[in-house]
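See below for the structure under consideration.
By convention in this document, chain letters (A, B, ...) are assigned in the order of the sequence lines, proteins followed by strands, and residues within each chain are numbered from 1.
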Amino acid sequence: MKPTIQAVKGTREFYPENMENRQWLYGQIRKVSELFGYQEWDGPFLEKIDLYAAKSGEELVKEQAFVFSDRGGDSVTLRPELTPSLARMVAQKQNELVYPLRWWSFGPFWRYERPQKGRTREFFQWNIDQIGVNSPEADAELVAICASFLKSVEISPEQVLISINHRKLMEQELIALGIEKEKHKTIFRLIDRRDKMHADEWNAYGVENGLSLNDLENLKTLLDDKELWKKSEELVRIFNALEKMGVKEYVRYDPSIIRGLDYYTGIVFEAWDVTGDGRAILGGGHYDNLVSDVGGDPLPGVGFAMGDVMATLLLQKFGKLPESVNLADTALVTVFDDSLIGSSLNLASQLRNEGIKTVCYPEAAKLQKQLKFADRMGIQVVLVLGPDEAQNGQVTIKNLKTRNQIQVKISEAAASVKELLANPQGL
RNA sequence: GUGGGUGUAGCUCAAUGGCAGAGCGCCGCUCUGUGGAAGCGGAUGUUGUGGGUUCGAUCCCCAUCACCCACCCCA
């Protein structure tokens, strides 16, 4: 039987086991964010398209936003990213907020693109930003948060590394090569694509964009210079800070990291599977003008975003997603026959009153069937209330893990179940 | 938006221009007061949709839709 109405292209359906993973990821994100003293916040899911027109980069707005007319005829869009909402919310209360702001968020976003591996049209994103301070150490803190996240989900530096670069350093070096400022945006795109194109293709692309062969050679030398960061006082301080924070092994300098978004003005960074598998797991950087772009006074910030789709793929690849626990902490009260339904309902209610998560089988059925149900749902504690037990005011408690069972007085059932749930090997 | 691939049972996939298959899963029984194992038995298909070629199409051709992958862009 096939459903006649399919899910919308690029959306995902979260069956309970997937939902467990999503909630687990959210929990990891929360844990790391709060560990660094960040506060959770959120913006609207619907925004006016004009909000993004300002700075997000042309393509994101024109090609990839979900835009609808509402009933009043206004153009609204499902948010494709969070940073513009952040900038506005900061600008609106600019003089009341306490700086530096440390804010994080995890919520849904939409982008109208062709779905493929690691990319859907509806996805969740972790955003985390520090706003109102302009120190390399603040930049380093965000990188350290990335590293701490990776560490907390047991991804090692042999599996994923964070690559860092600095846009001002790159601009300064391009100027030193005699490449004028007007061309920098194009050159950045070129740099961004180096890993994706064949060498000769890349050369041709460079020449197309007005570079001489000499320029290209110089650029290649620049991009292969893994010591280039030493020329940037800021990067030196950032790497220093990262060392002190104990996350240096997760980080490397990479002069080819540039990033697509236009609003970055300082450091930029991305986390990648070291084998180059897939795409960037997270990305971010330092921005100076975002708040002023939406009408506030200039306020610097640094932040990054991580999508749940790539993150989940990565965790799956390395076997780091937790196993489903289903109803492992829940008890099942079986229903022996129609005459005992009432007793079972009563017992289940008694357990719930004691705070025990309890399922009562919804009809009389073979014990075999009810136990099989428990087994498949991951339930480990089952209570049997049959005629023999009922006669003595007792109930049988069975541990499905060890296959052992005991009989206790109904009045003591809750205590025994609690004990068993706390110590599954105890029976 | 561009290019490529795939559509067959609930799932994963096989097959052949001439009766539509397997594994897994599901249901039942062995087993009317005890789950995971085993054995036995059982159900399930307009072969994505529409058209064409053919005596005959699941197979070949065309169209269409859906999904997947890559590019673009990006989380």
Rounded to the nearest Å, what distance is computed from the [atom1] atom of residue [X] to the [atom2] atom of nucleotide [N]?
X       : N      : atom1 : atom2 : value
R121(A) : A66(B) : CZ    : P     : 10 Å
D273(A) : A75(B) : CG    : P     : 18 Å
Q391(A) : G33(B) : CD    : P     : 15 Å
Y52(A)  : C74(B) : OH    : P     : 16 Å
R119(A) : A70(B) : CZ    : P     : 11 Å
Q116(A) : U2(B)  : CD    : C1'   : 13 Å
L371(A) : G35(B) : CG    : P     : 6 Å
I281(A) : A75(B) : CD1   : C1'   : 11 Å

Inset, instruction - With RNA chain B as reference, determine whether L367(A) or R114(A) sits nearer its 5' end, using the nearest nucleotide of each. - result: R114(A)

Legend entry - Comparing G10(A) and F123(A) on RNA chain B - which has the more 5′ nearest nucleotide: G10(A)

[atom1] gap between [N] and [M], integer Å:
N      : M      : atom1 : result
A9(B)  : C61(B) : C1'   : 28 Å
U58(B) : A20(B) : P     : 10 Å
C55(B) : A63(B) : C1'   : 26 Å
A57(B) : G1(B)  : C1'   : 36 Å
U6(B)  : A14(B) : P     : 11 Å
A70(B) : G28(B) : C1'   : 48 Å
G23(B) : C29(B) : C1'   : 22 Å
U47(B) : G7(B)  : C1'   : 9 Å

Legend entry - Interatomic distance, L383(A) atom CG to Q405(A) atom CD [nearest 0.5 angstrom]: 11.0 Å

Please tabulate, for side-chain N and O atoms in residues 159-173 of chain A, each donor-acceptor pair with protein atoms closer than 3.5 Å (sequence neighbours left out).
| unit_1 | atom_1 | unit_2 | atom_2 | d |
| --- | --- | --- | --- | --- |
| Q159(A) | OE1 | S156(A) | N | 2.9 |
| S163(A) | OG | R252(A) | NE | 3.1 |
| N165(A) | OD1 | Y253(A) | OH | 3.0 |
| N165(A) | ND2 | P255(A) | O | 3.0 |
| N165(A) | ND2 | I257(A) | O | 3.1 |
| H166(A) | ND1 | K168(A) | N | 3.1 |
| H166(A) | NE2 | E234(A) | OE1 | 2.8 |
| R167(A) | NE | I258(A) | O | 3.2 |
| R167(A) | NH1 | L261(A) | O | 3.3 |
| R167(A) | NH1 | Y264(A) | O | 3.1 |
| R167(A) | NH2 | I258(A) | O | 3.0 |
| R167(A) | NH2 | R259(A) | O | 2.7 |
| R167(A) | NH2 | L261(A) | O | 3.0 |
| E173(A) | OE1 | K231(A) | NZ | 3.4 |

Inset, instruction - Look at the side chain of E270(A) against the base of A75(B) and say whether a donor-acceptor pair falls under 3.5 Å; ignore hydrogens and angles. - result: no

Inset, instruction - Decide yes or no, distance alone: a donor-acceptor N/O pair under 3.5 angstrom between the base of G1(B) and the side-chain of E113(A). - result: no

Can you list the residues that meet the side-chain hydrogen bond (donor to acceptor under 3.5 Å, both in side chains) rule with [X], with sequence neighbours excluded?
X       : value
D277(A) : K317(A)
R121(A) : none
E154(A) : none

Legend entry - R30(A) charged N/C atom sitting above Y26(A) aromatic ring, 6.0 Å / 45°: yes

Inset, instruction - Evaluate whether atom CD of Q391(A) has more than 12 neighbouring non-hydrogen atoms of other residues, nucleotides or ligands under 6.0 angstrom away. - result: no

Inset, instruction - Please list all pairs passing the ring-ring contact (aromatic ring centres under 6.0 Å, His included) test where one or both residues lie in residues 140-164 of chain A, with sequence neighbours left out. - result: W126(A)-F149(A)

Legend entry - Sequence neighbours excluded, every pair satisfying ring-ring contact (aromatic ring centres under 6.0 Å, His included) that has a member inside residues 323-359 of chain A: none

Hey, does [X] reach any base, or is it just sugar-phosphate, or nothing, if we go heavy atoms under 4.0 Å?
X       : result
N127(A) : nothing
V384(A) : base
T83(A)  : nothing

Inset, instruction - Return the nearest nucleotide to the side chain of P115(A); candidates are C68(B), A70(B), C74(B). - result: C68(B)

Inset, instruction - Applying ring-ring contact (aromatic ring centres under 6.0 Å, His included), name anything that partners F318(A), two or more places apart in sequence or on another chain. - result: none

Legend entry - Residues in contact with RNA chain B, drawn from residues 393-405 of chain A - heavy-atom cutoff 4.0 Å: K398(A), L400(A), R403(A), Q405(A)

Pairs: protein N or O with nucleotides 25-30 of chain B N or O, under 3.5 Å:
| unit_1 | atom_1 | unit_2 | atom_2 | d |
| --- | --- | --- | --- | --- |
| C26(B) | OP1 | R376(A) | NH1 | 2.3 |
| C26(B) | OP1 | R376(A) | NH2 | 3.2 |
| C29(B) | OP1 | K366(A) | NZ | 3.4 |

Inset, instruction - Decide whether Q125(A) and R79(A) meet the rule of one side-chain donor and one side-chain acceptor closer than 3.5 Å. - result: no

Legend entry - 5'-to-3' dot-bracket of RNA chain B (Watson-Crick, G-U; under 3.5 angstrom; crossing pairs as [ ]; | other strand): (((((((..((((....[..)))).(((((.......))))).....(((((..]....))))))))))))....

Legend entry - Centroid distance under 5.5 Å and plane angle under 30°, F109(A) vs A75(B): no

Donor-acceptor list for residues 352-361 of chain A side chains, cut-off 3.5 Å, not counting sequence neighbours:
| unit_1 | atom_1 | unit_2 | atom_2 | d |
| --- | --- | --- | --- | --- |
| R352(A) | NE | T358(A) | O | 3.2 |
| R352(A) | NH2 | T358(A) | O | 3.2 |
| N353(A) | ND2 | S349(A) | O | 3.4 |
| K357(A) | NZ | D329(A) | OD2 | 2.6 |
| T358(A) | OG1 | I356(A) | O | 2.9 |

Inset, instruction - Would you list the pairs meeting side chain to side chain donor-acceptor pair (under 3.5 Å) in which at least one residue belongs to residues 367-390 of chain A, sequence neighbours left out? - result: E389(A)-T396(A)

Inset, instruction - May I ask you to verify if any side-chain N or O of K9(A) is less than 4.0 angstrom from the OP1 or OP2 atom of C67(B)? - result: yes

